[in-house]
Amino acid sequence: MLHFYRLICALGASAATAKGVEMQLKAPVSCQVDVTRGCLVGASNRYVKTLGDLRGLYEDAAAFKELVGRSGADSVAYEVTDFKPSSAAGDMIFGVTRMLPGRVGREFFLTRGHIHANANRPEIYYGEAGRGVMLLESPEGEIRTIEIAPRTVCYVPPYWIHRSVNVGTQDLVMTFAYPADSGQDYSIIEDSAGMKARVVDDGAGGWRLAENVNYLARSDERVRGVYASAN
Ligand code: NI
């Protein structure tokens, strides 16, 4: 089949002609996961969320205020380094997230959480270090949890709201990958005053779920809207 295929390399990209179809090929890339530092070496993008960015997410406002007073609103809560080749359908984004350990009152440190804007896009998380829980909620409000330890692969199926929680005593480091046109919708959690369950200290070195008493169930119309939001 090679005679159907002609590769011309220029500036790291390739122009290929296969069966008469012209297309631009991206150059293959590798990045190293630095587990100790909790980052992707060679990432094209980095952002951090500070404690101040997570205001309002925790149940215990007094404990949050006390923590901010002690650590500072600018202290890093989690960091994401990722490689985004594009945002085109069919492409993929991958990266590393590092979450610091800690609690606000009885509740373990968490990420803001989201559903994918194109809600039928899945995601993979791979545990590199630490102990985590992926907290998942269906549009109808069903809660599921997946424990993530080193070498655990966690599959977040299409349509599930997801949030990471660090239930350990050290940094939680995970590699992730998701379709490049997934997008993130944070409002679905905000509009329900959080996810239906919280991940809290069980008092015995582990974690358990607790009810979010402020939770507002989604209307049938909103649920239908989630399932209709994929393209
Ligand atoms: Ni996601």
Side-chain angles (χ1 to χ4, degrees), residues 12 26-55 57-58 63-64 67-87 91-114 116 122-136 145-156 162-180 182 184 186 198-202 204-208:
K26 290 193 179 73
V29 163
S30 74
C31 296
Q32 295 296 311
V33 176
D34 187 328
V35 177
T36 306
R37 287 164 56 212
C39 66
L40 186 71
V41 180
S44 60
N45 184 49
R46 173 182 183 269
Y47 68 88
V48 299
K49 290 285 183 214
T50 64
L51 218 44
D53 292 330
L54 305 180
R55 194 179 305 278
L57 300 188
Y58 292 98
F64 183 81
L67 178 64
V68 168
R70 184 157 36 91
S71 305
D74 292 337
S75 64
V76 173
Y78 58 93
E79 171 187 8
V80 176
T81 42
D82 61 21
F83 187 85
K84 291 186 179 176
S86 76
S87 57
D91 211 336
M92 180 173 278
I93 294 169
F94 62 94
V96 172
T97 177
R98 177 179 72 93
M99 296 182 69
L100 277 75
R103 292 197 322 263
V104 176
R106 63 175 184 163
E107 191 174 6
F108 286 107
F109 277 11
L110 46 72
T111 59
R112 198 172 163 203
H114 58 256
H116 292 155
E123 187 158 0
I124 290 288
Y125 285 84
Y126 177 78
E128 305 278 7
R131 288 173 52 220
V133 169
M134 189 64 62
L135 180 63
L136 302 115
T145 55
I146 301 285
E147 289 194 293
I148 300 179
R151 301 196 181 186
T152 302
V153 180
C154 169
Y155 168 58
V156 177
H162 47 286
R163 155 181 285 171
S164 309
V165 183
N166 187 346
V167 296
T169 55
Q170 56 177 297
D171 284 1
L172 172 63
V173 180
M174 296 182 290
T175 295
F176 60 80
Y178 56 89
S182 299
Q184 282 94 18
Y186 300 98
R198 298 182 182 278
V199 178
V200 302
D201 189 344
D202 70 354
W207 63 275
R208 66 177 178 84

*Please test Phe83 against Val29 for side-chain contact (heavy atoms from CB on, under 4.5 Å), starting from the C-alpha separation and ending with a verdict.*
CA-CA 10 Å; Phe83 187 85; Val29 163; 3.9 Å; yes

Under 3.5 Å: donor-acceptor pair, side chain of [X], backbone of [Y]:
{"X": "Arg198", "Y": "Val200", "value": "no"}
{"X": "Ser44", "Y": "Lys84", "value": "yes"}
{"X": "Thr152", "Y": "Gly127", "value": "no"}
{"X": "Tyr78", "Y": "Arg112", "value": "yes"}
{"X": "Arg208", "Y": "Asp202", "value": "no"}
{"X": "Tyr58", "Y": "Leu110", "value": "yes"}

Ignoring hydrogens, what is the shortest heavy-atom contact between [X] and [Y]? Give both atom names and the distance.
{"X": "Met92", "Y": "Ala180", "value": "N-CB, 3.7 Å"}
{"X": "Gly168", "Y": "Pro101", "value": "O-CB, 3.7 Å"}
{"X": "Phe176", "Y": "Asp82", "value": "CZ-CB, 4.0 Å"}
{"X": "Gly105", "Y": "Ala63", "value": "N-CB, 3.4 Å"}
{"X": "Arg55", "Y": "Ala73", "value": "NH2-CB, 4.4 Å"}
{"X": "Gly130", "Y": "Pro150", "value": "O-CD, 3.4 Å"}

Could you tell me if the side chain of [Y] sits less than 4.5 Å from the side chain of [X], heavy atoms only?
{"X": "Thr145", "Y": "Met134", "result": "no"}
{"X": "Pro122", "Y": "Tyr178", "result": "no"}
{"X": "Met174", "Y": "Ile148", "result": "yes"}
{"X": "Asn45", "Y": "Tyr47", "result": "yes"}
{"X": "Thr175", "Y": "Phe94", "result": "no"}
{"X": "Leu67", "Y": "Leu51", "result": "yes"}
{"X": "His114", "Y": "Arg163", "result": "no"}
{"X": "Leu40", "Y": "Cys31", "result": "yes"}

*For the residue pair Glu123 and Tyr125, confirm or rule out a side-chain donor-acceptor distance under 3.5 Å.*
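Note: Glu123 and Tyr125 side chains meet the donor-acceptor criterion.
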
*Does the side chain of Thr50 pick up a donor-acceptor pair with the side chain of Asp74 at under 3.5 Å?*
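The criterion, which ignores hydrogens and geometry beyond distance, is not satisfied for Asp74 and Thr50.
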
[atom1] of [X] to [atom2] of [Y]: how many Å apart, nearest 0.5 Å?
{"X": "Thr36", "Y": "Glu128", "atom1": "OG1", "atom2": "CD", "answer": "10.5 Å"}
{"X": "Gln184", "Y": "His162", "atom1": "CD", "atom2": "NE2", "answer": "7.0 Å"}
{"X": "Leu172", "Y": "Thr97", "atom1": "CG", "atom2": "OG1", "answer": "7.0 Å"}
{"X": "Asp53", "Y": "Thr111", "atom1": "CG", "atom2": "OG1", "answer": "12.5 Å"}

Any Lys/Arg nitrogen of [X] or [Y] sitting under 4.0 Å from an Asp/Glu carboxylate oxygen of the other?
{"X": "Glu79", "Y": "Arg46", "result": "yes"}
{"X": "Arg106", "Y": "Asp201", "result": "no"}
{"X": "Asp91", "Y": "Lys26", "result": "yes"}

*For side-chain contact (heavy atoms from CB on, under 4.5 Å), just list the numbers for Phe108 and Asn166, CA-CA rounded to whole Å, side-chain angles, deciding distance to a tenth of an Å, and then say yes or no.*
CA-CA 6 Å; Phe108 286 107; Asn166 187 346; 5.9 Å; no

*Given side-chain contact (heavy atoms from CB on, under 4.5 Å), test Val76 with Leu100 step by step and report yes or no.*
CA-CA 8 Å; Val76 173; Leu100 277 75; 4.3 Å; yes

*Give the C-alpha distance, both sets of side-chain angles, the deciding distance and a yes or no for side-chain contact (heavy atoms from CB on, under 4.5 Å) between Val156 and Leu136.*
CA-CA 8 Å; Val156 177; Leu136 302 115; 3.8 Å; yes

